[in-house]
Amino acid sequence: MGKILYPPDAAEPFFHHDPPQTVLALPPPDMTNNIWAIPLQLTNFNLVVAVLGGFISLFGLVSYLLKENYYLSEARTSWHTLGGIEASTDVCVF
Amino acid sequence: MRILVIALLAGVAFGPNGANFIRPNDYAQCEHHGVTESDCSDNLHSITLNFSRLVLGVQLVLAGVQLPSKYLWKEWKAVFLLVGPGMTAMWLATSVLVWGFTGRPSFLHALAVGACVTPTDPVLSAVIVKGKFADHNIPKDLQNLIVAESGTNDGLGYPFLFFALYLIKYVGSGATSGGAGDAMGLWFGFTWGYTIILSVIYGAVVGWVAKEMLHWAEERNYVDRESFLVFAISLALFVLGTCGLIGTDDVLACFIAGNTFTWDDWFRLETKDDSLQPTIDMLLNVTIFLWYGAVIPWELFNENSVMPIWKLVVLGILVLILRRLPWVFAMHKWIPQIEEAKQAVFVGFFGPIGVSAIFYLFISLEFIQEHLSDGEDRPREDVRKLGETIRIVVWFLAVCSVVSATHSILLIVLFTDSIRSFTD
């Protein structure tokens, strides 16, 4: 352990000299926020809700299309199988 | 209706004043190291505000969807009567009562408190006009009118509230700059222009575009059933979020979006027999009232610097009677949906104070913090008590309104029965 030359709490009174007139010269602490500013509220809640709502809506618009494409083979085969069965029964009846 | 009272009581029982299963202070990170008390209450306020917004937004889109096609356009006269003169009268009546009971601080302060409870609550109204009692006693026209009124006036609380708040800022006794002209400039430019008109246009455009897109996708069979049903709710979330981001009136935009979305009645008829919307509705209502039960500042009602509890109770009763009943009764001749005096009493008595009042309560607390305080969140000398007054009075009136609505259903039942026996 080296010797601490300037411990921070001891050093503070030496360097701390606040000219009192600057404190007095501060404007009265009112009007901290500009009232005409557009009140953008980029909070997490707003962002999450907007993104979630937008995504669910847009995804919903093409949901069936996407699902059909993802399960292309399955859907196709099932439709084809049904079609085939129908066709064959039709043929049999004929 | 009754279920909401039960939810409220359950919230009290499970909340910090009871079993302490629901711990709002914990969710607001109050027990974390280095979180000051004001941070904690800020967090709690923003949770409650955003939760209320979420419920209102979804409820209002659903309300707009469930109204018949072009309703606001066709019935504008009746809606306007209730929203224009009706709301103004409600606002002034409540404000005068509050002014008298709070020891007359300044009439502007009372106007701010009155504005918070002026809009009738869509959540409670929707519950009142649904169900067996309503189907037996209230004609469909009148049910629609009540829903349309509560939807419209919900977003229109802004002008009333900000009229008072801007005047407090610029001509209140502690005002340092500006005058009535600044306040009116802000009120017309900001509240009407930016908040109300922008949100109406935005809501209408989004609702219309959503309708066209859904039509387009449906014609091509791109939409599966689940997504179709949930579309109104995701639309609500989208409008709520985007309006929140730009800071305009999200509640009004949601209602208008719901209306234009079913302008041609297509979506409403398609989803009429589906139970998804009522289910979401019920889920949100019960949750929010549970939450309210847990966060209502009950201890403040008893011990505060504004007024003793007996005064609060008297104020609550007087507000319930005088806030709405006389004005609606006076106007009912001009509203074709209200055919008899009995119905006028019904409409007059049911102007519930609920979620929307809590929403405006936090909007005004936010305004006090941002524009009426100095850099260290200390409110200006003359508005020191305003925040507390608004909190106590609005919460208490909301509790009164929720609790009284169950009893008043009983009252109306008695009322209709006595009339029936009288005429038979």
Side-chain angles (χ1 to χ4, degrees), chain A residues 8-9 16 18-83 86, chain B residues 46-47 49-51 53-54 57 166 169-170 174-178 182 185-186 189-190 194-195 210 213-214 216-218 220-231 233-248 250 366-367 369-376 378 380:
Chain A
D9 9 334
H16 187 72
D18 245 358
Q21 60 268 34
T22 51
V23 176
L24 290 177
L26 281 174
D30 192 29
M31 306 280 287
T32 40
N33 297 297
N34 179 11
I35 200 164
W36 275 103
I38 291 176
L40 289 183
Q41 292 191 324
L42 307 173
T43 57
N44 287 332
F45 175 79
N46 285 337
L47 269 176
V48 166
V49 167
V51 171
L52 208 70
F55 174 74
I56 298 175
S57 310
L58 288 180
F59 177 78
L61 286 178
V62 288
S63 50
Y64 191 72
L65 190 72
L66 288 183
K67 276 186 193 167
E68 209 180 15
N69 283 343
Y70 273 127
Y71 304 125
L72 187 72
S73 55
E74 192 188 283
R76 274 281 162 80
T77 38
S78 61
W79 277 111
H80 281 200
T81 329
L82 280 178
E86 202 184 334
Chain B
S46 79
I47 294 175
L49 171 65
N50 285 329
F51 197 3
R53 278 182 52 210
L54 179 72
Y166 285 143
K169 181 170 171 65
Y170 285 111
T176 47
S177 62
D182 288 285
L186 271 168
F190 216 89
Y194 189 78
T195 309
M213 277 164 72
L214 194 62
W216 175 86
E218 175 70 11
R220 286 164 184 73
N221 270 331
Y222 288 171
V223 193
D224 63 3
R225 187 71 191 157
E226 295 86 348
S227 305
F228 186 80
L229 292 177
V230 89
F231 197 80
I233 290 154
S234 58
L235 178 72
L237 295 183
F238 178 72
V239 174
L240 183 73
T242 45
C243 282
L245 286 175
I246 58 170
T248 179
D250 39 11
E366 215 171 59
F367 185 88
Q369 200 177 24
E370 279 182 16
H371 297 297
L372 288 171
S373 304
D374 58 15
E376 282 107 45
R378 276 190 308 255
R380 219 171 61 187

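Convention: sequence-line order gives letters A, B, ...; per-chain numbering from 1.
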Asks: Using heavy-atom distances under 4.5 Å, tell me whether V239(B) contacts chain A through its side chain, its backbone, both, or neither.
Replies: neither
Asks: Look up atom CD in E218(B) and atom OH in Y64(A), then write down how far apart they are to the nearest 0.5 Å.
Replies: 11.5 Å
Asks: Where on R53(B) is there a heavy atom nearer than 4.5 Å to chain A: the side chain, the backbone, both, or neither?
Replies: side chain
Asks: Under the side-chain hydrogen bond (donor to acceptor under 3.5 Å, both in side chains) test, which residues partner S227(B), sequence neighbours left out?
Replies: S63(A), D224(B)
Asks: First locate atom OG of S234(B), then atom CZ of F59(A), and finally report the distance between them rounded to the nearest 0.5 Å.
Replies: 11.5 Å
Asks: Looking at A50(A) and T242(B), what are the two nearest heavy atoms and their distance?
Replies: CB-N, 3.8 Å
Asks: Given that the side chain runs from C-beta out, which part of N221(B) has a heavy atom under 4.5 Å from chain A: side chain, backbone, both or neither?
Replies: backbone
Asks: Are the side chains of L66(A) and Y222(B) in contact, using a 4.5 Å heavy-atom criterion?
Replies: no
Asks: Tell me, side chain or backbone of Y166(B) under 4.5 Å from chain A's heavy atoms, or both, or neither?
Replies: side chain
Asks: Would you say the side chain of M213(B) lies within less than 4.5 Å of the side chain of L58(A), judging by non-hydrogen atoms?
Replies: yes
Asks: Can you list everything that forms a side-chain hydrogen bond (donor to acceptor under 3.5 Å, both in side chains) with S46(B)? Sequence neighbours excluded, please.
Replies: none
Asks: Which atom names give the shortest non-hydrogen contact between V49(A) and L237(B), and what distance separates them?
Replies: CG1-O, 2.9 Å
Asks: For the residue pair F45(A) and N50(B), establish whether any side-chain heavy-atom pair is separated by less than 4.5 Å.
Replies: yes
Asks: Any non-hydrogen side-chain atom of L52(A) less than 4.5 Å from a side-chain atom of F238(B)?
Replies: no
Asks: With a 4.5 Å cut-off on heavy-atom pairs, point out which of G241(B), A236(B), G57(B) contacts chain A the most.
Replies: G241(B)
